[in-house]
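Heads up: the structure comes next, in structure tokens.
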Amino acid sequence: MHDLRWLRDDPGAFDRALARRGLPPAAASILAVDSERRALETTLQERQAERNRLSREIGEAKRTGADASALLARVAELKDEVKAGEERLRELQARLESLLASHPNRLADDVPDGPDASANRVVRVVGTPRRFAFEPKPHEVLGARLGMSLERAAKLSGARFVVLSGQLARLERALAAFMLDLQTKEHGYREVSVPLLVRDEALFGTGQLPKFAEDLFRVSSGHWLIPTAEVPLTNLVAGEILAEADLPLRFTACTPCFRSEAGAAGKDTKGMLRQHQFWKVELVSVTTPETSAAEHERMTKCAEECLKRLELPYRVVLLCSGDTGFASAKTYDLEVWLPGQGVYREISSCSNCTDFQARRMQARYRPAAGGSPRFVHTLNGSGLAVGRTLIAVLENFQEEDGSVRLPGALVPYMDGVDRLEPED
RNA sequence: GGAGGGAUGGCCGAGCGGUCUAAGGCGCACGCCUGGAGAGCGUGUUGGGGGCAACUCCUCGCGGGUUCGAAUCCCGCUCCCUCCGCCA
């Protein structure tokens with residue numbers, strides 16, 4: 001959702017922002033609807049004022065017992081005109097809102113331009129990939145001997161699901177608990193347990209609807225399964241006017257995430273890298289406009305801390321214009337090193353959505369200095385994707401015999417177990 | 001799922017066809033008072049639009065309707081509460 005006033009003041013900037021995303025200009029067509037709306041509103045308003053005045057006079061006449069028939073006749077003429085005008089105004093308003101809602105967020109100035117992921121910029125590389133004395137195996141090979149079954153998952157649910165059992169099920173839970181503890185105890189995030197089924201409005205608020213319905217699962221009641229806890233966590237402030245003193249709000253939740261990913265067919269078909277269902281610890285911040293950029297850096301650091309403590313090598317990537325998501329103004333991806341694949345893979349995505357989502361969900365705050373409510377800024381990041389973290393642990397800490405040594409940070413969460421052993 | 005009751009400004013709450021430009025209270029802001037703070041007193045305080053402006057329109061959960069005129073009456077929807085049913 002965009003600020004109409006900004007668009008009016010500088011339509012060229014709006015179109016340039018679209019161009020950075022590889023989209024055709026749209027300012028002129030939006031402004032055409034806007035000026036039609038404003039012209040109509042001005043004339044309609046005169047009729048409404050007239051009607052209100054006459055109605056007051058009728059009330060006065062009735063009270064004093066005077067003859068009101070002349071007034072009634074005049075107001076009767078206005079009635080249809082006002083009604084038609086109101087109807088037309090509603091249509092224009094709806095069209096305008098849907099136009100404003102269908103364009104992606106404006107990118108931050110420091111986002112590099114580029115058509116796709118190839119133009120993303122590596123910001124920093126942290127940790128050194130381990131030197132293996134043997135050929136490191138991919139996680140699906142390691143997992144097969146540790147309690148991971150894609151075959152059994154297929155029996156239950158089809159492709160792109162996984163069954164983890166025994167020590168791997170336990171490891172998944174340990175990772176989630178470790179991440180939640182880190183974010184709540186050390187980084188000040190408030191843990192929230194949220195619904196996994198949400199209504200249309202929530203998904204509109206964060207920007208998944210109406211454009212990306214095909215990426216989502218929908219159930220027979222009409223609810224949608226959340227694709228990320230960003231949706232319920234961010235919508236927590238929908239429709240509210242917060243006090244500036246309450247900001248920033250920082251929320252975290254560990255939830256399953258459900259993605260139909262229709263467009264991903266054929267990619268990452270091996271193992272559990274790309275699933276219809278996976279656990280993720282999500283971070284969401286709600287801030288003032290002045291502090292969101294700093295909060296974005298902070299949030300990214302909070303997510304990175306997980307990787308550091310798990311001793312996993314990673315790099316931070318600033319997404320380019322063509323790779324940045326619909327609602328985001330600026331996104332850092334955290335990519336973890338996967339020796340089994342020999343690549344860095346996304347394990348977290350931290351986005352500053354500025355006021356884009358706040359406008360869609362009418363989330364505002366009252367400035368401490370006084371004045372009208374302003375839209376908050378919203379940010380979200382993974383802290384981290386649990387399934388992919390599990391993959392990263394298996395691949396980075398594997399031994400030649402198929403066992404996996406566990407990073408020290410996880411041992412307390414595993415009841416002292418510091419090694420996964422093949423079960424065969 | 002069934003039957004009732006409800007939704008009013010940042011919060012609580014009155015209001016049941018025109019005087020609502022929404023009582024009253026709380027909170028908040030500013031001022032007076034005070035050595036300072038508190039109490040007290042006074043003033044202000046829903047939000048969103050249009051218009052160069054004067055000014056004006058919309059906004060009482062959301063959407064329709066009735067009426068010259070709707071917070072108030074009618075219909076639909078959403079959510080909350082109570083009871084019943086079902087249920088981990």
Side-chain angles (χ1 to χ4, degrees), chain A residues 1-9 30-101 193-205 209-210 219-224 232 235-247 249 256 286 288 355 358-376:
Chain A
M1 185 73 75
H2 289 280
D3 183 2
L4 189 53
R5 213 168 311 219
W6 169 64
L7 199 160
R8 275 207 292 260
D9 289 348
I30 296 174
L31 287 179
V33 178
D34 177 48
S35 65
E36 188 182 351
R37 178 195 126 243
R38 282 195 291 163
L40 175 66
E41 186 162 352
T42 304
T43 58
L44 171 63
Q45 204 176 81
E46 288 164 16
R47 303 289 183 282
Q48 288 171 321
E50 173 80 354
R51 179 202 60 193
N52 292 350
R53 192 176 57 78
L54 289 172
S55 291
R56 271 194 297 271
E57 284 176 22
I58 289 166
E60 188 61 27
K62 292 230 163 141
R63 207 166 22 255
T64 58
D67 177 25
S69 56
L71 293 169
L72 284 167
R74 276 173 62 197
V75 86
E77 293 170 24
L78 279 174
K79 199 185 165 185
D80 289 343
E81 212 179 327
V82 167
K83 193 169 164 183
E86 286 174 342
E87 203 166 310
R88 178 82 184 124
L89 185 64
R90 269 196 301 274
E91 282 171 24
L92 287 170
Q93 192 69 41
R95 242 172 75 198
L96 195 57
E97 271 167 26
S98 105
L99 280 170
L100 289 171
S193 176
V194 292
L196 308 180
L197 293 168
V198 297
R199 3 169 3 108
D200 297 6
E201 289 81 353
L203 286 156
F204 178 82
L209 289 182
V219 302
S220 59
S221 63
H223 287 98
W224 304 83
N235 277 283
L236 247 24
V237 297
E240 304 210 359
I241 300 179
L242 307 158
E244 181 170 353
D246 294 339
L247 303 178
L249 293 172
V286 179
T288 62
D355 63 357
R359 286 178 190 282
R360 295 170 83 97
M361 62 176 74
Q362 291 291 306
R364 293 168 293 175
Y365 76 99
R366 202 174 288 283
S372 300
R374 304 170 72 201
F375 289 109
V376 297

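In the text below, chain A, chain B and the rest are named by the order of the sequence lines, each starting its count at 1. Just so it is clear, the model here is predicted, and its values are computed rather than measured.
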Please check if the side chain of A:R360 supplies one atom and the backbone of A:F204 the other of a donor-acceptor pair under 3.5 Å.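 Yes; judged by distance alone, with no hydrogens or angles, the pair exists.
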If only atom types and distance count, is the side chain of A:D355 paired as donor or acceptor with the main-chain N or O of A:F375 below 3.5 Å?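 Judged by distance alone, no pair lies under 3.5 Å.
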Can you check the distance between [N] and [M], where both ends of the measurement are the [atom1] atom (answer in whole Å)?
N: B:C41; M: B:C26; atom1: P; result: 9 Å
N: B:A23; M: B:C12; atom1: C1'; result: 14 Å
N: B:A14; M: B:A70; atom1: P; result: 24 Å
N: B:C20; M: B:G15; atom1: P; result: 15 Å
N: B:G61; M: B:G6; atom1: C1'; result: 11 Å
N: B:U82; M: B:C77; atom1: P; result: 23 Å
N: B:G9; M: B:A22; atom1: C1'; result: 9 Å
N: B:C32; M: B:G38; atom1: P; result: 14 Å

Protein-nucleotides 78-81 of chain B N/O pairs closer than 3.5 Å?
from, atom 1, to, atom 2, distance (Å)
B:U78, O3', A:R199, NH1, 3.2
B:U78, O3', A:R199, NH2, 3.4
B:U78, O2', A:R199, NH2, 3.4
B:C79, OP1, A:R199, NH1, 3.0

Return the set of residues passing side chain to side chain donor-acceptor pair (under 3.5 Å) with [X] (not counting sequence neighbours), or none when no residue passes.
X: A:Q45; result: none
X: A:E50; result: A:R53, A:R74
X: A:S55; result: none

Partner nucleotide, any strand, of [N] [Watson-Crick/G-U, under 3.5 Å]:
N: B:C30; value: B:G42
N: B:U21; value: none
N: B:G69; value: none
N: B:C52; value: none

A:P373 and A:R366: which non-hydrogen atoms are nearest, and at how many Å?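 For A:P373 versus A:R366, the nearest heavy atoms are CG-NH1, 4.3 Å.
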Using whole Å, what does the distance between atom C1' of nucleotide B:U21 and atom CZ of A:R53 come to?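 For the pair A:R53 CZ and B:U21 C1', the rounded distance is 18 Å.
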Figure out the CD1/P separation between A:I241 and B:G9, and round it to whole Å.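 Rounded to whole Å, this separation is 10 Å.
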Using the rule side chain to side chain contact (heavy atoms under 4.5 Å, CB included), only one of A:D3, A:V33, A:D34, A:L4 pairs with A:L100; which is it?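 Per the side chain to side chain contact (heavy atoms under 4.5 Å, CB included) rule, the option paired with A:L100 is A:L4, out of A:D3, A:V33, A:D34, A:L4.
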Let's see if you get this right: which residues in residues 30-47 of chain A place a heavy atom under 4.0 Å from RNA chain B?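 Those residues are A:R37, A:R38, A:E41, A:T42, A:Q45.
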Its contact letters, B for base, S for sugar-phosphate only and - for none at protein heavy atoms under 4.0 Å, make nucleotides 60-69 of chain B read ----SSSSBS
Would you call A:D80-A:K83 a salt bridge at under 4.0 Å N-O?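 No, no charged N to carboxylate O under 4.0 Å.
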Between A:R374 and A:E244, does any side-chain N to carboxylate O distance fall below 4.0 Å?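 Here A:R374 does not pair with A:E244 in a salt bridge, since their nearest N and O are not under 4.0 Å apart.
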Below 4.0 angstrom from OP1 or OP2 of B:G27, is there any side-chain N or O of A:R366?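 It does not, given that no N or O in the side chain of A:R366 lies less than 4.0 Å from OP1 or OP2 of B:G27.
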A:R8 near the nucleic acid: base, sugar-phosphate alone, or nothing, with a heavy-atom cut-off under 4.0 Å?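 It contacts sugar-phosphate atoms only.
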Atom CD in A:Q48, atom CG in A:L89: separation rounded to 0.5 Å?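 Nearest 0.5 Å value for the CD-CG distance: 8.0 Å.
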